[in-house]
Engineer: 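Let me begin by handing over the structure; questions about it come next.
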2 protein chains.
Amino acid sequence: MSNPKTEKRNFTSHDVAELAGVSQATVSRVFAGNTKVSEKKRKRIMEAAQKLNYRPNAHARSLITRRSMLIGIVMRTIRNPFYSAVLEIFHDRFSKLGYHLIFINSENENVEEWEIHKLLEYNVAGVIISDALLTQEAEDRFRENGIAVVLFNRYTENSENSVVFCDNYLSAKQIATYLVKTGHRNFAYISGPSHTSITMDRLRGFREVLDGRGISNLHIESGDYTYESGFELAQELMTKNKDIDCIFGGNDIIALGVMDAVRMLGFEVPNDVSIIGFDNIRMTNWASYNLTTWEQPLEGMVDNTVAILLDEINGKESRSKMLVMKGRLVIRNTVKSRK
Amino acid sequence: MSNPKTEKRNFTSHDVAELAGVSQATVSRVFAGNTKVSEKKRKRIMEAAQKLNYRPNAHARSLITRRSMLIGIVMRTIRNPFYSAVLEIFHDRFSKLGYHLIFINSENENVEEWEIHKLLEYNVAGVIISDALLTQEAEDRFRENGIAVVLFNRYTENSENSVVFCDNYLSAKQIATYLVKTGHRNFAYISGPSHTSITMDRLRGFREVLDGRGISNLHIESGDYTYESGFELAQELMTKNKDIDCIFGGNDIIALGVMDAVRMLGFEVPNDVSIIGFDNIRMTNWASYNLTTWEQPLEGMVDNTVAILLDEINGKESRSKMLVMKGRLVIRNTVKSRK
DNA sequence: TAATACAATGAATACGTATTCATTATTAAT
DNA sequence: ATTAATAATGAATACGTATTCATTGTATTA
């Protein structure tokens, strides 16, 4: 297992100190950003460090300070373009702040216990959970260890963690309103997994609007946020219910699947059926789709998530926050006015 | 900055030792997987550890062992679905081996110096560079520190690192051969950035086949592996050269852009123009595309990359390897026989 | 039973840094 | 010039683990 032959010893702050003719403590002060060092010595130290290619050891540093510059980022379905974008933006922000990301792709909806443990072992400064949930036990564990946690784009009623997400209820209301206003009468909603907060909130909003207009024609199917699920469910739905005149997809990927299925069946979009998605991923803008969709304010959501996490890390805020952001409708070419 | 109030002290091996009535050394032996511990004490220790929710501190461990269980994974363009899949698979493999991933999304083609430094600070066991290159200096730095590096899907002539990629030369040859055999005569290749090994190798293979048949009709444009670049270049190309009967895209995303552009111009795919991609990402299978493409043996490439990296980490192999894998043609509906 | 081999254990130490505390150099104030 | 105040510095120590070395306990063999 071990291989002493190739184990090269790095230079340490002691080596730098010796070369610069100062104490290790002073070297440490320079690299920890402590200002209490004379310019003369600082310069000598930096030169020596340069010569030796010295870099402080992050593990030793974390050990003594009991804090690390690591952030755990837990995601599901990184293959979903929306979350790829999320990861990219989080990386950009944290990287600029000097933090590093330990990436974990959880297979299950509930982040597994051992994955939590690993993050605890590394003394991560904070954790972001995206598109997944923590078990009560895991949540407690983080709390015990004083590790900040923010849920991104997902929440549960009983969680005590801070959470940032897009107002699903309101978005769905506005989407429904738009569809009603444009003269649609036979609705379908192909959602993500049915038990999640996202799905339920949207359904509530959607239904509320329809109820308000006395519309009861709402077909509901729940997929799993994949193209295939959207495709198959739409195919089934449109075969049985040829009078459906608009379909709301739980995310853009579903909506694209829906769109292809509907077209395969010979319907025209939007002439025969209107389709609307959610997220505003890049592909919605592709020429063959041009999907009307709901834009989640991704950058803003990430920025706020980062800000909240940092506040909690630095102990500025101990109460958990719930930040609900609004999005906006992006109108392209998949919804037609039927008035 | 610091926040002593919330700094909760974790339990350590000493605490466990005390509770179990043994020495810290013995606790350490249990958690380090050392077998030289009696069953009786092992049990007592595990119970005590359970009670205290003890977990060994990864930083202390890395400090003393001078090796970490961290792998740096450097990617560009995580938004590219191909690389999202790559990341997912790498995570799956390393996670099962007990390693953790520090994710770095490099903005530039050459991984920046400070990003390298960060990885060095964390004493990563190894590094995987995907779709990017190291400067000579960065390469040296890793070598000095005995950190294993494997390049994934990209190489340079003068690199001394191990590298795993798909045989671009051969793939392009086979693709060209297929297109020639199916009766195509006017070729276009919309590649990625022109100076990369990938692009050049493919071009060489492609051209070789055409030259062999005395075909000189090859239009070349280089994009940047985005849909937009494929779309625009194809639009331009097909407007000027209406006789082009097949287009090879540098990756699937480009090919999809090409496809949409060509259709927008009124051509039918594959009746008027054949299109072929590279990678076999999921979207190629979508109903509105059904793109014929070249499959990269993704899982196999990742498995081999992991294996090579582990060998180098464990010092089993010091010479660098170059593993060139073959892919296969996935025939769908975007190439038509013109004989 | 005695002699031997071997397994199990603990004490002590090292890993490389940040930080406290005491000391010395420097500046400001009188 | 003298004192007071402050800034800069170094020695020593702690962080939590793995590991060496010496010691004790246990099993094996003659």
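The basis for the numbers below is simple: all heavy atoms, side chains too, and nothing from hydrogens, waters or symmetry mates. Lettering follows sequence order; numbering is per chain, from 1.
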Engineer: Measure from CD on A:E18 to P on D:dT9 and round the result to the nearest Å.
Structural biologist: 18 Å

Engineer: For a quick check, with a 4.0 angstrom heavy-atom cut-off, what is the B/S/- contact string for nucleotides 15-21 of chain C, read 5' to 3'?
Structural biologist: BBBBBB-

Engineer: Which whole-number value in Å describes the distance from A:R44 CZ to D:dT9 C1'?
Structural biologist: 12 Å

Engineer: Which label fits B:Y122 and A:H100: parallel for a plane angle under 30°, tilted from 30 to 60°, or perpendicular past 60°?
Structural biologist: tilted

Engineer: Looking at B:R44 and B:E47, is any side-chain nitrogen of the basic one under 4.0 Å from a carboxylate oxygen of the acidic one?
Structural biologist: no

Engineer: What residues, two or more places apart in sequence or in another chain, satisfy side-chain contact (heavy atoms from CB on, under 4.5 Å) together with A:R79?
Structural biologist: B:A85, B:E88, B:R282

Engineer: So, B:D92 versus A:N105: side-chain donor-acceptor pair below 3.5 Å or not?
Structural biologist: no

Engineer: Could you tell me how far apart B:K36 (NZ) and D:dT26 (C1') are, to the nearest whole angstrom?
Structural biologist: 14 Å

Engineer: Starting at atom NZ of B:K41, determine the distance to atom C1' of D:dT24, rounded to an integer number of angstrom.
Structural biologist: 11 Å

Engineer: Measure the spacing between CG of B:L309 and CD1 of B:I128 and express it to the nearest 0.5 Å.
Structural biologist: 5.0 Å

Engineer: So does A:E113 pair up with A:R141, basic N to acidic O under 4.0 Å?
Structural biologist: yes

